[in-house]
4 protein chains.
Amino acid sequence: MQRMTRAQQQQQTKEMLFTAAMEQITKFGFEKTSINSITEAAGFSKGAFFSNFENKYDLLLQLTEKLKDEERTLLKSSLNINDKKHTISTNGLNAYFDHIKNNTACVILDIEMQLIASRDPQFKSFYYQFQQENNKALGEIICKVFAFKGVKPSLSPESLAQIFIALTEGLLLQNVDNPGKQIKAILEALIEKDNKNLK
Amino acid sequence: MQRMTRAQQQQQTKEMLFTAAMEQITKFGFEKTSINSITEAAGFSKGAFFSNFENKYDLLLQLTEKLKDEERTLLKSSLNINDKKHTISTNGLNAYFDHIKNNTACVILDIEMQLIASRDPQFKSFYYQFQQENNKALGEIICKVFAFKGVKPSLSPESLAQIFIALTEGLLLQNVDNPGKQIKAILEALIEKDNKNLK
Amino acid sequence: MQRMTRAQQQQQTKEMLFTAAMEQITKFGFEKTSINSITEAAGFSKGAFFSNFENKYDLLLQLTEKLKDEERTLLKSSLNINDKKHTISTNGLNAYFDHIKNNTACVILDIEMQLIASRDPQFKSFYYQFQQENNKALGEIICKVFAFKGVKPSLSPESLAQIFIALTEGLLLQNVDNPGKQIKAILEALIEKDNKNLK
Amino acid sequence: MQRMTRAQQQQQTKEMLFTAAMEQITKFGFEKTSINSITEAAGFSKGAFFSNFENKYDLLLQLTEKLKDEERTLLKSSLNINDKKHTISTNGLNAYFDHIKNNTACVILDIEMQLIASRDPQFKSFYYQFQQENNKALGEIICKVFAFKGVKPSLSPESLAQIFIALTEGLLLQNVDNPGKQIKAILEALIEKDNKNLK
DNA sequence: AATGAATGAGCGTTCATTCAT
DNA sequence: AATGAATGAACGCTCATTCAT
């Protein structure tokens with residue numbers, strides 16, 4: 001078996017730090033999460049952190065990028081499901097739902113990031129550069145659900161995505177048990193309304 | 001002119017601290033807001049804080065109570081508008097909308113509080129004890145809007161309130177320009193759907 | 001029944017503060033005892049303290065004076081017992097022993113004061129002005145015990161008093177169960193020795 | 001010349017902090033000694049303290065252990081002097097006396113510790129676990145002095161040690177000039193008394 | 001005389017960051 | 001690359017003290 005190269009080893013360290021950081025920040029919030037607690041949770045010493053990140057803010061940026069990248073990948077693959085299978089068209093959305101249900105951590109993290117963005121203009125533009133792209137993909141998926149029912153949405157794809165996210169995050173924040181139920185109800189209502197108005 | 005009594009003076013100090021605390025916490029978040037920055041913003045010394053609050057956590061509790069109380073008062077008076085004037089029934093909701101539009105600070109604060117609640121069980125039960133009551137009032141208002149259109153909502157009042165709040169907070173978090181437009185669209189869609197199903 | 005005069009009322013307040021101060025300082029030490037804890041224990045507010053004492057250091061001085069005065073009174077009356085009754089001559093000492101046994105608080109306080117004196121020259125001279133006089137009285141009492149056995153002590157009265165106090169405080173500091181037993185053993189040994197050498 | 005390893009360097013830092021802590025606590029008492037004053041006196045920043053001690057209480061524990069260990073070492077070596085040289089048997093005691101005379105700081109510190117122990121049950125048991133062992137060694141030494149004179153002490157070794165310490169600390173607390181003189185007088189008296197009673 | 005809100009210096013502690021190893 | 005001792009600013013909080021009432 002081949003040994004890992006230095007670069008691979010460091011990459012692994014970084015992954016472990018990312019994982020630990022996500023856990024800790026989800027649990028305690030960005031401000032209350034200390035670098036020490038992250039590295040210790042990852043099984044390293046403080047030094048490992050500063051070998052992999054410039055500072056705590058840099059971790060925030062890289063973590064944001066990483067999470068948004070993963071989200072984008074997920075959304076893109078969800079789009080493909082819709083495109084390829086042409087089956088019950090909410091599949092793509094369902095995959096995204098499932099992901100969210102199993103990853104409330106990500107939702108909490110996203111809220112945390114948006115709160116930080118609301119206070120830090122520099123981070124705001126950084127965050128929304130990723131967010132916009134993902135919103136477009138999510139908007140497309142939702143439009144496909146409309147399209148499957150033969151309805152052209154009166155709201156823009158971007159608007160639909162924002163509504164979808166707002167509901168997901170807003171309901172989770174309120175500790176609502178089964179947010180998916182309510183989100184689907186709203187989606188159906190919107191589709192019905194646009195369907196009726198079309199005629 | 002009568003001088004203020006000492007109790008009145010202290011009350012005034014406390015109000016000023018509350019105001020400063022709201023501003024600072026909205027701007028920087030609860031964790032990043034130092035007691036010093038609050039008292040300085042209010043024009044007092046650090047000690048004034050501890051004459052009025054037991055500790056920083058106590059401020060959080062009292063601020064929560066105060067905001068939720070004010071929210072409840074606003075909601076109750078919005079309900080009265082609906083009851084008394086019998087005019088375009090969305091008035092009550094509009095008043096609430098206006099309030100929110102002019103008080104994004106309150107929305108940000110509420111999100112902050114919900115995030116803290118998601119991490120601190122003690123605060124969670126404290127927060128939701130107020131939230132529940134306000135949700136009931138908000139749910140009633142929304143039901144009146146349905147009722148004005150002669151529609152009985154299929155979703156529970158509580159659910160409707162949660163949806164409403166989720167949209168308000170979730171869209172604001174996403175920096176959406178005119179959340180009211182989208183929220184009204186959804187409300188209409190829900191009413192139309194329930195109206196149709198009724199027949 | 002006559003009401004208390006203002007002066008009497010204040011004197012009573014001061015007594016209560018003294019009592020509370022002794023308790024708190026014994027329990028927690030002078031540094032760790034806050035003025036607040038004293039006044040609260042006495043059932044007053046902080047303000048009462050500063051109406052009766054200039055500052056915390058002033059309390060230390062007045063408390064020292066008070067305790068040393070009471071000690072002197074006790075010692076003087078013990079001397080009188082010896083003088084008048086001519087009975088078992090250790091009576092005077094016994095009275096002092098009993099007092100100490102029932103007032104370990106005073107011993108702890110005395111140690112606390114001596115420690116402060118060892119660090120604060122100003123307090124040192126204040127403390128030892130009282131201490132010297134009391135030592136003389138205590139030395140006299142011990143000499144009477146010697147005299148009763150017909151022995152002239154080779155150590156000075158002052159030395160004997162110092163030894164006596166050192167043993168009392170030193171053994172209590174070590175948490176020794178029955179210090180009186182050991183102190184008496186030493187006293188007897190000293191008497192015997194001086195008795196033998198006399199012959 | 002070899003550079004110091006990091007462990008050695010930290011050990012040196014810790015020693016310097018210990019030394020500074022002893023000086024400051026002796027001068028000002030444990031409560032009035034701030035961590036800042038300790039580290040500054042040692043030539044470090046505040047942070048160095050927390051790299052070497054968990055908190056201020058931890059310093060107290062470690063300082064206690066260190067002082068009691070040194071004391072034990074001194075006592076053990078004093079015992080050896082007696083055993084090996086078989087000369088004037090008070091040598092061992094004299095060595096201890098000399099140590100005390102040159103280290104009034106240690107005596108003051110011991111009194112401080114005992115006062116703390118009298119108020120803090122947790123520290124009490126910590127302190128007395130060391131104190132007991134040292135008392136045994138000191139008691140043995142004193143017994144050897146008795147033995148040299150052919151006398152079997154009527155008081156237990158532990159009692160003798162307690163008396164010895166009580167006198168040392170109690171006389172120093174009273175600012176007595178030459179405590180050794182009085183302590184030796186008492187020791188002689190006890191030996192004479194037991195010698196006489198033996199016959 | 002007594003109250004207690006307000007002051008502000010100072011405390012113990014945390015923590016992001018640096019850097020010699 | 002990773003360690004972790006040391007730095008030092010900042011934090012939450014305590015407390016002796018002041019003073020208007």
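In the text below, chain A, chain B and the rest are named by the order of the sequence lines, each starting its count at 1. These numbers come from a predicted model, not from an experiment.
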On the nucleotide [N], are OP1 or OP2 found under 4.0 Å from the side-chain N or O atoms that [X] carries?
X     : N     : value
A/S51 : F/dA1 : no
D/N52 : F/dA6 : yes
A/T13 : F/dA2 : yes

Separation of [X] atom [atom1] from [N] atom [atom2], in whole Å?
X     : N      : atom1 : atom2 : result
C/F28 : F/dT14 : CZ    : C1'   : 15 Å
A/N55 : E/dC15 : CG    : P     : 17 Å
C/K46 : F/dC19 : NZ    : P     : 16 Å
D/F50 : F/dT7  : CZ    : P     : 13 Å
B/L60 : F/dC13 : CG    : C1'   : 17 Å
D/K14 : F/dG4  : NZ    : C1'   : 15 Å
C/Q8  : E/dA1  : CD    : C1'   : 15 Å
C/Q9  : E/dA2  : CD    : P     : 8 Å

Subject >> Nearest-nucleotide 5' precedence on DNA chain E, A/G47 against B/S45 >> reply: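 That would be B/S45.
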Could you pull out the closest heavy-atom pair between [X] and [Y], with the gap in Å?
X     : Y      : result
D/E65 : D/F126 : OE1-CZ, 4.2 Å
D/L17 : D/I38  : O-CG2, 3.8 Å
A/M22 : A/L67  : SD-CD2, 3.5 Å

Original post:
Which residue lies toward the 5' end of DNA chain F, B/E54 or B/R6, if each is placed at its nearest nucleotide?
Top reply: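 So the residue in question is B/E54.
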Subject >> Given DNA chain F, 5'-ward residue of the pair D/G43 and C/F49, judged by closest heavy atom >> reply: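 Upstream on the strand: D/G43.
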Original post:
B/F44 near the nucleic acid: base, sugar-phosphate alone, or nothing, with a heavy-atom cut-off under 4.0 Å?
Top reply: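 Sugar-phosphate contact only - B/F44 comes under 4.0 Å of backbone atoms but never of a base.
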Original post:
Does F/dA1 pair with anything, Watson-Crick or G-U wobble, both distances under 3.5 Å, and if so, with which nucleotide?
Top reply: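 By the stated definition (distances under 3.5 Å), nothing pairs with F/dA1.
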Original post:
With both distances under 3.5 Å as the test, what is the Watson-Crick or G-U wobble partner of E/dC15?
Top reply: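 The base-pairing partner of E/dC15, which may sit in any strand shown, is F/dG8.
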**OP:** Return the orientation label for the B/Y127 and B/F123 ring planes: parallel under 30°, perpendicular over 60°, tilted otherwise.
**Re:**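 Answer is tilted, since the angle falls between 30° and 60°.
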Original post:
What are the residues of residues 32-42 of chain D, sorted by number, that bring a heavy atom to within less than 4.0 Å of DNA chain E?
Top reply: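 When residues 32-42 of chain D is checked for heavy atoms under 4.0 Å from DNA chain E, the hits, listed by number, are D/T33, D/S34, D/I35.
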Original post:
Going by modelled atom types, is there a donor-acceptor pair between the base of F/dT17 and the side chain of C/K56 at under 3.5 Å?
Top reply: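 In this structure, the two groups form no donor-acceptor pair.
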Original post:
Which nucleotide sits closest to the side chain of D/Q10: F/dA5, F/dG4, F/dC13?
Top reply: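 Side chain of D/Q10 sits closest to F/dA5.
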Subject >> No-hydrogen, no-angle side-chain donor-acceptor test under 3.5 Å, B/Q11 and B/E15 >> reply: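 Yes, B/E15 and B/Q11 have a side-chain donor paired with an acceptor closer than 3.5 Å.
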Original post:
With a 4.0 Å cut-off, would you call A/E71 and A/K66 a salt bridge?
Top reply: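 Here A/E71 does not pair with A/K66 in a salt bridge, since their nearest N and O are not under 4.0 Å apart.
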Original post:
Is NZ or CZ of A/K56 both nearer than 6.0 Å to the six-membered ring centre of A/F30 and within 45° of the ring axis?
Top reply: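 Yes, A/K56 lies over the aromatic ring of A/F30.
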Original post:
Can a cation-pi geometry be assigned to D/K14 and D/F53, taking NZ or CZ under 6.0 Å from the six-membered ring centre and within 45° of the ring axis?
Top reply: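 Positive - D/K14 is close enough to the ring of D/F53 and near enough to its axis.
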